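Right, one structure below, let's go through it.
Being a predicted model, the structure only gives us computed values, none of them experimental.
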Amino acid sequence: QASSAIPSTPIELIKSASYVTQGVLALLACLSLVSWGIMLAKWLEFRRVYNASDAFLAEFAKASRLEQVVSLSKRVKPSPYTRVFARAIQFLHDTTPLGADGGNSRGPLSGSQVEALRLLLDAESNSERDQLGRSIPGLAIIGSASPLMGLLGTVLGVISAFLGIAKSGAGNLGAVAPGVAEALTATAVALAVAIPAVFGYNIFATKLNRFDGELDGFGSEVIALMAREGRI
């Protein structure tokens with residue numbers, strides 16, 4: 001009879017755990033769903049962005065004139081690269097070169113105007129990076145907070161187990177072990193939640209940093225293309 005009362009499966013451990021431990025486990029389960037949802041959403045978003053960007057960059061590398069890139073950006077799917085390029089073209093059309101007669105000349109821009117264009121492209125690149133990086137910090141929060149929550153559930157479970165042992169008056173190992181095992185379930189579940197979240201955060205943070213560098217390099221290529229045509 002005593003052996004039949006000892007939990008032998010994870011489900012039985014959860015069912016026999018205290019209400020506090022069960023509450024912690026339920027919260028950890030919700031955090032796990034959130035973290036996996038974020039990872040799936042970001043994976044799909046990165047794949048969509050890179051697919052659209054690769055098609056544009058492949059044709060951009062072959063372009064020799066600014067008008068070709070303008071026509072290309074209208075044909076391909078919108079991407080962070082097309083939006084950065086559109087901001088550069090808009091700036092070029094809206095800015096009158098210093099010293100131009102009557103504002104009708106389209107000569108090269110001054111040094112200060114080129115610096116303003118560089119800052120504008122940097123701002124647009126940062127905006128695109130922030131847009132793509134949304135929700136990624138949530139993985140870091142889940143990865144760092146889950147073990148602490150699991151430890152809290154374990155400590156509270158151990159306290160409850162020892163209080164139960166004190167009330168029943170049983171002090172042998174068979175009476176102590178089940179309660180400790182139930183409490184340690186919270187730590188095990190917390191680690192199962194935290195480990196994928198930490199891996200996901202590091203993977204997507206690396207992808208985001210690489211994307212940021214590539215977008216900055218693209219802005220420099222746009223400025224170089226304008227310089228070859230004498231626009232700046």
Side-chain angles (χ1 to χ4, degrees), residues 34-35 37-141 200-232:
V34 171
S35 66
I38 291 175
M39 287 187 284
L40 178 60
K42 300 315 294 184
W43 178 74
L44 293 174
E45 185 176 6
F46 270 97
R47 188 178 69 168
R48 175 180 56 80
V49 167
Y50 273 110
N51 287 340
S53 300
D54 289 344
F56 174 74
L57 292 177
E59 297 297 328
F60 175 81
K62 303 176 184 178
S64 58
R65 298 192 58 80
L66 205 59
E67 288 76 10
Q68 294 176 342
V69 185
V70 173
S71 176
L72 171 64
S73 64
K74 296 178 180 178
R75 297 196 313 267
V76 299
K77 294 180 179 179
S79 69
Y81 294 93
T82 59
R83 289 188 285 269
V84 169
F85 180 76
R87 288 295 297 272
I89 295 300
Q90 188 65 39
F91 178 87
L92 193 63
H93 288 170
D94 295 344
T95 303
T96 302
L98 296 180
D101 296 335
N104 295 323
S105 175
R106 282 300 170 187
L109 302 179
S110 66
S112 60
Q113 290 173 327
V114 174
E115 181 63 22
L117 174 60
R118 177 75 263 180
L119 294 175
L120 179 67
L121 294 182
D122 288 343
E124 182 66 20
S125 299
N126 291 335
S127 176
E128 293 292 338
R129 182 186 187 278
D130 293 341
Q131 181 73 15
L132 189 59
R134 289 184 308 173
S135 303
I136 292 180
L139 294 175
I141 295 174
Y201 172 78
N202 289 327
I203 291 173
F204 289 118
T206 301
K207 288 180 175 289
L208 188 62
N209 290 333
R210 186 180 67 180
F211 170 79
D212 189 29
E214 292 173 351
L215 205 57
D216 286 341
F218 174 75
S220 300
E221 292 180 5
V222 171
I223 293 178
L225 181 60
M226 293 180 178
R228 288 198 299 268
E229 292 193 5
R231 302 293 187 95
I232 59 176

**Prompt:** About how many Å separate CG of L57 and OH of Y50, when rounded to the nearest 0.5 Å?
**Reply:** 10.0 Å

**Asked** Can any side-chain N or O of T82 pair as donor or acceptor with the backbone N or O of P78 at less than 3.5 Å?
**Response** no

**Asked** Which atom names give the shortest non-hydrogen contact between S125 and D216, and what distance separates them?
**Response** CB-OD1, 3.7 Å

**Message:** Let me confirm one number: the OG-CD distance from S71 to Q68, rounded to the nearest 0.5 Å.
**Reply:** 8.5 Å

**Asked** Under the side-chain contact (heavy atoms from CB on, under 4.5 Å) criterion, do R228 and L225 qualify, and how do the steps go?
**Response** CA-CA 5 Å; R228 288 198 299 268; L225 181 60; 3.1 Å; yes

**Request:** Heavy atoms only: give me the nearest I38-S135 pair and the separation to one decimal.
**Result:** CG2-O, 3.6 Å

**Request:** Kindly say whether A123 contributes a backbone atom to a donor-acceptor pair with the side chain of S127 at under 3.5 angstrom?
**Result:** no

**Request:** Report the distance from atom CZ of F46 to atom CG of L132, rounding to the nearest 0.5 Å.
**Result:** 4.0 Å

**Asked** Given the rule in the side-chain contact (heavy atoms from CB on, under 4.5 Å) test, do Q113 and L117 qualify, once you have shown the distances and angles that lead to the verdict?
**Response** CA-CA 6 Å; Q113 290 173 327; L117 174 60; over 6 Å; no

**Prompt:** Which pair of heavy atoms, one from V84 and one from L121, lies closest together, and at what distance?
**Reply:** O-CD2, 3.6 Å

**Prompt:** After noting the C-alpha distance and the side-chain angles of W43 and M39, does the key distance pass the side-chain contact (heavy atoms from CB on, under 4.5 Å) rule?
**Reply:** CA-CA 6 Å; W43 178 74; M39 287 187 284; over 6 Å; no

**Distance-only donor-acceptor check, side chains S220 and R118, under 3.5 Å** = yes

**Asked** Got a second to check how far Y81's OH is from E128's CD, nearest 0.5 Å?
**Response** 10.5 Å

**Request:** Check A88 against V222 and note the closest heavy-atom contact, atom names and distance.
**Result:** CB-CG1, 3.9 Å

**Request:** Evaluate side-chain contact (heavy atoms from CB on, under 4.5 Å) for M226 paired with L92, printing each intermediate quantity in order.
**Result:** CA-CA 9 Å; M226 293 180 178; L92 193 63; 4.2 Å; yes

**Gap between atom NZ of K77 and atom CZ of R48 - 0.5 Å precision** = 9.5 Å

**Prompt:** Yes or no on ring pair (Phe, Tyr, Trp, His ring centres under 6.0 Å) for F60 and F218, after CA distance, side-chain angles and deciding distance?
**Reply:** CA-CA 10 Å; F60 175 81; F218 174 75; 5.0 Å; yes

**Message:** More than 12 heavy atoms of other residues, nucleotides or ligands under 6.0 Å from CZ of F85: yes or no?
**Reply:** yes

**Request:** Drop me the distance from N209's CG to K207's NZ, to the nearest 0.5 angstrom.
**Result:** 12.0 Å

**Message:** Keeping D212 on the side-chain end and L208 on the backbone end, is there a donor-acceptor pair under 3.5 Å?
**Reply:** no

**Backbone of L66 reached by a side-chain donor or acceptor of E229 within 3.5 Å** = yes

**Message:** Minimum heavy-atom separation for Y201 and P137, please, with both atom names.
**Reply:** CE1-CA, 4.3 Å

**Asked** Is there a side-chain contact between R87 and R83, using heavy atoms and a 4.5 Å cut-off?
**Response** no

